[in-house]
Amino acid sequence: MEAHVTLLTWNCACTVGVRAMDDQHGILMDTMNELRLAAVRGLGRELVSEVLDRLIEFTRMHFWSEEQLLEQNRFPGLAEHRVEHQRILAQILQSSHRVQHGEKIQMRPLLCFLRETYTEHIEGMDREYGPWLNDRGVD
Ligand SMILES: [Fe+2]
Ligand SMILES: [Fe+2]
């Protein structure tokens, strides 16, 4: 397995303006960095698969918690947001399935894909709910 993917760093562009969500996004990024490290160190399929599982579990938890928050605050874009979460989760599960079933997998494209998927979602759709929640006293 080879991987030359730069470390994900937290920056303003990733801030959605809601503390609990920013913290969870931070954990997602830390987990992705961990995955990258496991790949760079050549720690093998088992460990990579373990970190990937953790990323999936945390992603599920995060999506659920974000959707709850949007529902409680009657965010108008919730339905659309939910569909996007489902789509992302299905894609990640598919990648993990391939790793677990012994397919020869290139770590670099996988890491790039994860990195792009998460950052695009956070900097795009997630940032849209920030002002709505802030206006309702959630910050
Ligand atoms: Fe989201
Ligand atoms: Fe999010």
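Atoms within each ligand, like the ligands themselves, are counted from 1 in listed order.
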*Please state the angle at the Fe ion (ligand 2) spanned by NE2 of His62 and NE2 of His25: what is it, rounded to 10 degrees?*
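So the angle at the metal works out to 90°.
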*About how large, to 10 degrees, is the angle NE2 of His81, then the Fe ion (ligand 1), then OE1 of Glu66?*
100°
*Between NE2 of His85 and NE2 of His121, what angle is found at the Fe ion (ligand 1), rounded to 10 degrees?*
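Vertex at the Fe ion (ligand 1): approximately 90°.
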*Would the number of heavy atoms belonging to other residues, nucleotides or ligands and lying under 6.0 Å from CD of Glu80 be above 12?*
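No - once you tally the heavy atoms of other residues, nucleotides and ligands closer than 6.0 Å, there are 12 at most.
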*Once the angle between the rings of His62 and Phe58 is folded into 0 to 90°, is it parallel (under 30°), tilted (30 to 60°) or perpendicular (over 60°)?*
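It falls in the parallel class, under 30°.
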*Take the angle between the ring planes of Tyr129 and His81 and call it parallel below 30°, perpendicular above 60°, tilted in between.*
tilted
*Applying side chain to side chain donor-acceptor pair (under 3.5 Å), run through Thr117 and Gln91 and close with a yes or a no.*
CA-CA 9 Å; Thr117 303; Gln91 277 184 314; 4.7 Å; no
*asked:* So, 2.8 Å as the limit: is an N/O/S atom of Glu84 located closer than that to the Fe ion (ligand 1)?
replied: no
*Arg136 charged N/C atom sitting above Trp132 aromatic ring, 6.0 Å / 45°*: yes
*Which atom, among the N/O/S set of Asp126, is closest to the Fe ion (ligand 2)?*
OD2
